[in-house]
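Reviewing the structure listed below.
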Amino acid sequence: MKLGLNSAILGELTFEALVDFAAENNLECLEVCCWPKGKAERRYAGVSHIDIADLGDDKVDYIKNYCKEKGVEISALGYYPNTLDPDLEKREVYVNHIYKLIDASSKLGVNMITTFLGRVPNKTVEENLEIVKEVWPPIVKYAEEKDVKIAIENCPMLFTNDEWPGGQNLMTTPAIWREVFKILESDNLGINYDPSHFVWQQIDYIKPIYEFKDKIFHVHYKDIKVFKDKLDDVGIMATPLKYMSPKLPGLGDINWGKYVSALTDIGYKGYTCIEVEDKAFEGSIDEAKKSVKLSAKYLRNFVI
């Protein structure tokens, strides 16, 4: 396994400074965020370390050579919108950028993108699965043609009132994964596995690793701390941020030794990336860098 970083937390850095930071801290890979240029709609969105709208051959060669020189691989190009947004104009914008992301990933020889499946928040799972049948088959087919893998993160995108009641990403549970993989049967569609999202959903975050071992394309390291006293007060029907908080690996409820052990059990040898969303380390770019260093130092107990 290769240990790296999702670049969102270091959005202030240039691409070169990002790669330099990874190299200086012995991180072997980067999940590089590639949002369209413009204002971010939410925290950790809008980061664009590679502008894929301006990616000519010279730029492609430059990026490849810079990464090779520093000994840092790009694990995936990341972009996490709601591709099933009920606003059809927004949906079209998001899906079009996914196609551009696939093209860019192919040009760069990365051959993987990380994203969300999307969801219409006020529709049922079953209704959303029907929409998946309309929106996603051509995307997956295009990825197959470009030899690019699509790794869908299992984040519900259900944290605040504006995402209520269903969240903005359907790919949230093993039961739904099975249904999606029936609809979209492809070796190019898989999972960006983040155990933290299972913790607050009260789902076993180890067991699915074994069932979906052939579908795990990419891995996130992010922790979650559930505050039992708050949960007892507001209940599981409340928006999750009322009773839990994202934390650095080792500062939450996940047993990381057990988690990495399961990944080694299935023979996973791919990319594993630290994802920082811990508000305790958002005060400055120096604090953000510190959070990455602390996370990497901890995770090196398990990933060498």
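On a predicted model such as this, the values are computed, not experimentally measured, just so you know.
With a 6.0 Å radius and a threshold of 12 heavy atoms from other residues, nucleotides or ligands, Lys225 has its NZ atom at or below the threshold. Environment of CD in Glu211: crowded, with over 12 heavy atoms of neighbouring residues, nucleotides or ligands closer than 6.0 Å.
Closest non-hydrogen pair, Ser48 versus Lys37, comes out as O-NZ, 3.7 Å. What you find for Pro156 and Gln201 is that their closest heavy atoms are CG-NE2, 3.7 Å. Of all heavy-atom pairs between Glu28 and Arg300, the closest is OE1-NH2, 3.5 Å. When all heavy atoms of Val47 and Ala8 are compared, the closest pair comes out as CG2-O, 3.6 Å. The two residues Val303 and Tyr221 make their nearest non-hydrogen contact at CG2-OH, 3.2 Å. Taking all atoms of both residues into account, the shortest heavy-atom contact from Gly78 to Leu101 is C-CD2, 4.4 Å.
Using a 4.5 Å heavy-atom threshold, the side chains of Leu13 and Lys289 count as touching. With contacts defined as side-chain heavy-atom distances shorter than 4.5 Å, the pair Pro81/His97 does not qualify. Looking at Glu73 and Cys67, their side chains never come closer than 4.5 Å, going by heavy atoms from C-beta outward. Residues Phe116 and Met157 meet the side-chain proximity criterion, which asks for heavy atoms closer than 4.5 Å.
Looking only at distances, no side-chain donor or acceptor of Asn25 sits under 3.5 Å from a matching main-chain atom of Leu27. Side chain of Asn6 to main chain of Cys273: no donor-acceptor pair is present (N/O by atom type, distance under 3.5 Å, no hydrogens or angles). Within the 3.5 Å criterion, the main-chain N or O of Asn154 finds no donor-acceptor partner in the side chain of Thr172. Without hydrogens or angle criteria, Thr83 side chain to Leu117 main chain gives a donor-acceptor distance under 3.5 Å. The closest donor-acceptor contact from the side chain of Ser105 to the backbone of Asn111 lies under 3.5 Å.
Phe217 meets the ring pair (Phe, Tyr, Trp, His ring centres under 6.0 Å) test with no other residue; sequence neighbours excluded. Every residue two or more places apart in sequence or in another chain that forms a side-chain contact (heavy atoms from CB on, under 4.5 Å) with Val135 is listed here: Leu84, Arg91, Val95, Ile131, Ile139. For Asn169, the side chain to side chain donor-acceptor pair (under 3.5 Å) criterion is met by no residue, not counting sequence neighbours. Here Asn122 pairs with nothing under the side chain to side chain donor-acceptor pair (under 3.5 Å) rule; sequence neighbours left out. A search for ring pair (Phe, Tyr, Trp, His ring centres under 6.0 Å) contacts involving Phe181 returns nothing, not counting sequence neighbours.
At a threshold of 4.5 Å between side-chain heavy atoms, the hydrophobic network of Ile, Leu, Val, Met, Phe, Trp and Tyr places Ile236 and Met244 in one connected group. In the hydrophobic cluster analysis, where Ile, Leu, Val, Met, Phe, Trp and Tyr join through side-chain heavy atoms closer than 4.5 angstrom, Met112 is grouped apart from Ile216. Leu263 and Leu5 fall within the same hydrophobic cluster, where Ile, Leu, Val, Met, Phe, Trp and Tyr residues are linked whenever their side-chain heavy atoms come under 4.5 Å apart, directly or through other members. Linking ILVMFWY residues whenever their side-chain heavy atoms come closer than 4.5 Å, directly or via other members, leaves Leu88 and Leu170 in distinct clusters. Linking ILVMFWY side-chain heavy atoms closer than 4.5 Å, directly or via other members, places Val276 and Tyr271 in two distinct hydrophobic clusters.
Residue pairs meeting the side chain to side chain donor-acceptor pair (under 3.5 Å) criterion with at least one member in residues 256-267, sequence neighbours excluded, are Tyr210-Asp265, Asp223-Trp256. Listed by first and then second residue, the salt bridge (Lys or Arg N to Asp or Glu O under 4.0 Å) pairs that reach into residues 231-254 are Lys228-Asp232, Lys247-Asp278, sequence neighbours excluded. For residues 123-136, every residue pair satisfying the salt bridge (Lys or Arg N to Asp or Glu O under 4.0 Å) rule, not counting sequence neighbours, is listed here: Glu130-Lys133. Within the structure, ring-ring contact (aromatic ring centres under 6.0 Å, His included) contacts touching residues 131-167 (residues at least two apart or in different chains) are Tyr99-Tyr142, Phe159-Trp200.
Taking CD1 of Ile254 as the reference point, atom CD1 of Ile224 lies at 7.0 Å (rounded to 0.5 Å). The line from CD1 of Ile98 to OG1 of Thr115 is 3.5 Å long, rounded to the nearest 0.5 Å. Between the SG atom of Cys34 and the NE2 atom of His49 there is a distance of 9.5 Å, given to the nearest 0.5 Å. Considering CD of Glu12 and CD1 of Ile285, their distance stands at 4.5 Å, rounded to 0.5 Å. Remark: Phe281 CZ to Lys290 NZ distance equals 7.5 Å, nearest 0.5 Å. How far CG of Leu184 is from NZ of Lys182: 13.0 Å, rounded to the nearest 0.5 Å.
A salt bridge does not link Glu144 to Lys141: none of the charged side-chain nitrogens sits closer than 4.0 Å to a carboxylate oxygen.
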Check against side chain to side chain contact (heavy atoms under 4.5 Å, CB included), Val260 and Met1
CA-CA 10 Å; Val260 174; Met1 286 182 276; 3.7 Å; yes

Verify side chain to side chain contact (heavy atoms under 4.5 Å, CB included) between Asp85 and Asp87, making sure each step is shown before the conclusion.
CA-CA 5 Å; Asp85 196 294; Asp87 183 323; 3.2 Å; yes

After noting the C-alpha distance and the side-chain angles of Lys213 and Tyr268, does the key distance pass the side chain to side chain contact (heavy atoms under 4.5 Å, CB included) rule?
CA-CA 8 Å; Lys213 61 183 181 179; Tyr268 183 78; over 6 Å; no

Side chain to side chain contact (heavy atoms under 4.5 Å, CB included), that's the test. Do Ile50 and Leu108 meet it? Break it down for me.
CA-CA 11 Å; Ile50 296 177; Leu108 289 165; 4.2 Å; yes

Could you go through residues 187-198 and list every donor-acceptor pair under 3.5 Å that involves a side-chain atom there, pairing it with any protein atom two or more places apart or in another chain?
{"residue": "Asn188", "atom": "ND2", "partner": "Val148", "partner atom": "O", "Å": "3.0"}
{"residue": "Asn192", "atom": "OD1", "partner": "His218", "partner atom": "ND1", "Å": "2.9"}
{"residue": "Asn192", "atom": "ND2", "partner": "Tyr80", "partner atom": "OH", "Å": "3.1"}
{"residue": "Asn192", "atom": "ND2", "partner": "His220", "partner atom": "NE2", "Å": "3.2"}
{"residue": "Tyr193", "atom": "OH", "partner": "Tyr205", "partner atom": "O", "Å": "2.8"}
{"residue": "Asp194", "atom": "OD1", "partner": "Ser196", "partner atom": "N", "Å": "2.9"}
{"residue": "Asp194", "atom": "OD1", "partner": "Ser196", "partner atom": "OG", "Å": "2.6"}
{"residue": "Asp194", "atom": "OD2", "partner": "His197", "partner atom": "NE2", "Å": "3.4"}
{"residue": "His197", "atom": "NE2", "partner": "Glu153", "partner atom": "OE2", "Å": "2.9"}
{"residue": "His197", "atom": "NE2", "partner": "Lys222", "partner atom": "NZ", "Å": "3.4"}

If you look only at distance, which donor and acceptor atoms sit under 3.5 Å apart when one is on a side chain in residues 292-299 and the other is two or more places apart or in another chain?
{"residue": "Ser295", "atom": "OG", "partner": "Ser291", "partner atom": "O", "Å": "2.8"}

For residues 54-65, which side-chain N or O atoms pair as donor and acceptor with protein atoms under 3.5 Å away, sequence neighbours left out?
{"residue": "Tyr62", "atom": "OH", "partner": "Glu16", "partner atom": "OE2", "Å": "2.7"}
{"residue": "Lys64", "atom": "NZ", "partner": "Lys107", "partner atom": "O", "Å": "3.4"}
{"residue": "Asn65", "atom": "ND2", "partner": "Asp61", "partner atom": "O", "Å": "3.1"}

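At a cut-off of 3.5 Å, with distance as the only test, a side-chain donor of Glu31 or Thr114 sits close to an acceptor on the other residue. Under the 3.5 Å distance criterion, with hydrogens and angles disregarded, no donor-acceptor pair is assigned to the side chains of Asp286 and Ser284.
Remark: Lys230 is positioned above the aromatic ring of Phe227, its terminal NZ or CZ atom under 6.0 angstrom from the ring centre and at most 45 degrees off the axis.
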